[in-house]
Every structure is written in C-alpha cells, then in structure tokens.
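Scroll down for the structure; my scribbles are underneath it.
Bear in mind the structure is a predicted one, so any value in this text is a computation, not a measurement.
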Amino acid sequence: MLASLALLTTLLAGPATPPSAARSASGDVDVELVLAVDTSRSMDYEEMRVQREGYVSALQHADFINAVRGGLIGRIAITYFEWAGEVDPASVLDWQIIETQADARAFAEKLAARPIATQRRTSISAAIAYGTQTILTNSYRGMRQVIDVSGDGPNNIGLPVEGVRDKAIEAGIIINGLAIMLRPTGAAAFGSSAGLDDYYGDCVIGGPGAFVMPVHKPEDFDTAIRRKLVLEVSGLAPDATLHRIAARTKTDCMMGELQWQQFQDR
C-alpha cells in the first residue's frame, strides 16, 4: 500500500511526461490499451469467474480481431492487471503486441491461466495511476492511449480519484469505464440517487470520446466487454444516450470515502 501511495503521489506531484529514451525505440501501434479489472471482495467468485471469462472470450472474438486489423497501422499494444485496494503485482500481464489472431489467443491464454483471487477495498485512483505510469514508460508509440477501468463500487481508499483522473487526462490518456451494477453496491447501497454509472461518468472517465458502459446482469458481461474493447480499439464512440442535465446534480466524487467512514462508524 505504501508503494502504491508513493506512486500516486509522484504522479500528482509532477508533470506526466514520458521518458524520451524509453519511447525512442518504440513500435508504432494504433492504441496502447490498459485493461484494469476490479477484483474487490464485493464481487463473489461466480461474478469474478464470469468477468474473467468475458475478457478471455472477447480478446479472441472475431469482432475484436477485425477491429485490430481495421486500424490505420493494424496492431495494438495491450496490458492487463487486477486491482482492489491496490494493484496486485502478481496479476500484471506485460505489454504485448496484438496483430494477429494468434497474438490475441496467446494473450487470452495467459489471462485464462491466472488464478482468480480477491482483495479488500476499492482504489480506482491506484488503478488509474498504475495504468498511467505503465503507458508513459512503455516502449510503444500509440496514436491513442486508453485505460479501461472496470469496477463495482466508488473509490474508498488511496488518493481521491478526481485528481488522479485529471492528471492522466492531462497526459493525453483516455479513460473509459465498465460500471458493474449487479447488486446495490456503491452509490445505491448507501441511499444515493446516483448510480454507479453516474459516478463513473462524473468522477472516473475522461478524455476525447470517453464513455462508461453499465453491466446489470452476469450474462451481459461477455457482450459488454467485447463491445467495449471493439470501441476502444477502433476509436469509435458508442451510441449517444441523452440525459436531462437538470435532472440530477454532479455526483460527489468523495462519496466512496464518506461511505467507508460511515461503515466504520457503525
């Protein structure tokens, strides 16, 4: 945890500038894509299994492969890690180029081979900070840089999510979200009128074309994850959903920290 907080502090303290030496020998790709997947204990084992299988399936699906091939360069760089109260170092799958179906299958097989494990608490800020750091220090030159965050609750430990999110956006990174809304956790669990998708929309996602995609049922994981990856690889925006702005106020981005304090005080 101390190491994670130190990384977050470093990210916020100075300008997010990629080391030129690290990127000078890089390969060109259409997108540098970070998959940051929530494994907090608010999700049960069955939900975790369905989520994992959704990623493994989506990475090998023809729609995903066609999206990769359809890019200007025709290849992407991808990495994956799991997070809860902090990033799990053992979960990190190193950056890999995906250009062919065999590349995608190899990456998916590495993911499928990983044991499923859960952790305590929820630090979206740690996930974004780690994702930002690994983008800025890798050896690729992407036309776009995207952090794809999935989660089932608001930030409740570590640095406030807004500041870390804003720093990533300043570095030119797009942050998209998959809001897992299988049960009344997060906002709804504490009587807030805001849904988790609203929280992600106001506090987590950002950058040109950023979007949040809600998942309400376990059987929807596969389709939602595949659609999200295709949009991120292709650079397309999802169909617009219209909201009446006057209908609600902006979500309190410190909601998760306040909820945790209320829980501790009970």
Side-chain angles (χ1 to χ4, degrees), residues 3-4 6-8 10-11 16-39 48 51-61 64-65 67-69 71 73-119 123-151 164 168 171-176 178 225-226 228-229 232-233:
S4 296
L7 174 60
L8 289 165
T10 300
L11 179 62
T17 305
S20 57
R23 301 179 74 88
S24 60
S26 64
D28 292 334
V29 293
D30 288 301
V31 61
E32 299 165 54
L33 178 59
V34 174
L35 303 181
V37 177
D38 183 5
T39 56
M48 297 271 296
Q51 177 180 234
R52 170 70 64 80
E53 290 178 354
Y55 277 98
V56 171
S57 173
L59 288 164
Q60 301 177 85
H61 198 279
F64 173 72
I65 305 301
V68 171
R69 290 173 174 168
I73 298 171
R75 64 178 190 159
I76 69 169
I78 191 170
T79 185
Y80 171 101
F81 64 84
E82 295 168 354
W83 60 275
E86 58 186 359
V87 173
D88 177 9
S91 73
V92 178
L93 297 183
D94 289 338
W95 286 97
Q96 177 182 315
I97 288 288
I98 293 183
E99 188 170 11
T100 66
Q101 188 169 15
D103 296 333
R105 185 184 306 114
F107 191 81
E109 287 174 352
K110 290 178 188 176
L111 177 55
R114 276 202 41 74
I116 295 176
T118 60
Q119 307 170 71
S123 184
I124 301 172
S125 57
I128 294 175
Y130 187 93
T132 300
Q133 188 75 1
T134 192
I135 284 175
L136 298 181
T137 59
N138 69 33
S139 59
Y140 301 103
R141 282 195 308 268
M143 298 175 65
R144 290 176 293 113
Q145 294 84 33
V146 178
I147 299 175
D148 174 340
V149 181
S150 72
V164 179
I173 295 170
I174 299 166
I175 304 172
N176 297 324
L178 183 71
I225 292 171
R226 181 172 71 249
K228 179 168 57 69
L229 292 183
E232 289 166 337
V233 168

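- Donor-acceptor pairing under 3.5 Å is lacking for the side chains of Gln96 and Asp103.
- In this structure a side-chain-to-backbone donor-acceptor pair under 3.5 Å is missing from Glu86 to Trp83.
- Gln101 places a side-chain heavy atom less than 4.5 Å from the side chain of Arg69.
- Nearest heavy-atom pair across Phe107 and Asp94 is CE1-O, 4.0 Å.
- A donor-acceptor pair under 3.5 Å links the side-chain atoms of Ser150 to the main chain of Asp38, judged by distance alone.
- No side-chain N or O of Asp88 forms a donor-acceptor pair with one of Gln119 less than 3.5 Å apart.
- No donor-acceptor pair closer than 3.5 Å links the side chain of Glu32 to the backbone N or O of Ala77.
- Rounded to the nearest 0.5 Å, atoms CD1 (Ile98) and CG (Leu59) are 6.0 Å apart.
- The minimum heavy-atom distance between Gly85 and Ser123, with the atom names listed, is O-CB, 3.3 Å.
- The side-chain heavy atoms of Val146 and Asn176, taken from C-beta on, include a pair separated by under 4.5 Å.
- Across every non-hydrogen atom of Thr132 and Ala168, the tightest pair is OG1-CB, 3.3 Å.
- Contact record, Thr100 with Ile65: O-CD1, 4.4 Å, taken as the closest heavy-atom pair.
- Inter-residue side-chain proximity for Met48 and Thr118 is flagged as met; some heavy-atom pair is nearer than 4.5 Å.
- Between Leu33 and Glu232 there is a side-chain heavy-atom pair separated by less than 4.5 Å.
- Note that CD1 of Ile76 is 13.5 Å distant from CE of Met143, once rounded to the nearest 0.5 Å.
- Between the side chain of Ser57 and the backbone N or O of Glu53 there is no donor-acceptor pair closer than 3.5 Å.
- Residues Phe64 and Ala104 share a closest heavy-atom pair of CE2-CB, 4.4 Å.
- Looking at Arg75 and Asp30, no side-chain N of the basic residue comes within less than 4.0 Å of a carboxylate O on the acidic one, giving no salt bridge.
- Rounding to the nearest 0.5 Å places OG of Ser91 at 12.5 Å from CD1 of Ile116.
- Judged purely by distance below 3.5 Å, without hydrogens or angles, the side chains of Trp95 and Thr134 pair a donor atom with an acceptor atom.
- When side chains are defined from C-beta on, Val34 counts as touching Ile135, because their heavy atoms get closer than 4.5 Å.
- Ile174 has its side chain out of reach of Ile147: every pair of non-hydrogen atoms, C-beta onward, lies at least 4.5 Å apart.
- The shortest distance between side-chain heavy atoms of Ile97 and Tyr140 falls below 4.5 Å.
- Contact of the Tyr80 side chain with the Val92 side chain is not registered, since no non-hydrogen atoms from C-beta on lie closer than 4.5 Å.
- Here the straight-line distance linking atom CG of Leu229 with atom CG of Asp148 works out to 6.0 Å at 0.5 Å rounding.
- Between the side chain of Arg52 and the backbone N or O of Arg114, at least one donor-acceptor pair lies under 3.5 Å.
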message = Does Thr79 form a side-chain contact (heavy atoms from CB on, under 4.5 Å) with Leu35? I'd like the steps, not just the answer.
response = CA-CA 6 Å; Thr79 185; Leu35 303 181; over 6 Å; no
key: Intermediate values then yes/no, side-chain contact (heavy atoms from CB on, under 4.5 Å), Leu111 and Tyr55   = CA-CA 8 Å; Leu111 177 55; Tyr55 277 98; 3.8 Å; yes
inquiry  = For Ile225 and Leu178: C-alpha separation, side-chain torsions, deciding distance, then whether side-chain contact (heavy atoms from CB on, under 4.5 Å) applies.
reply    = CA-CA 8 Å; Ile225 292 171; Leu178 183 71; 4.0 Å; yes
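- Contact detail for Ala127 and Val87: the closest heavy-atom pair is CA-CG2, 4.3 Å.
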request  = Verify side-chain contact (heavy atoms from CB on, under 4.5 Å) between Val37 and Gln51, making sure each step is shown before the conclusion.
outcome  = CA-CA 9 Å; Val37 177; Gln51 177 180 234; 3.5 Å; yes
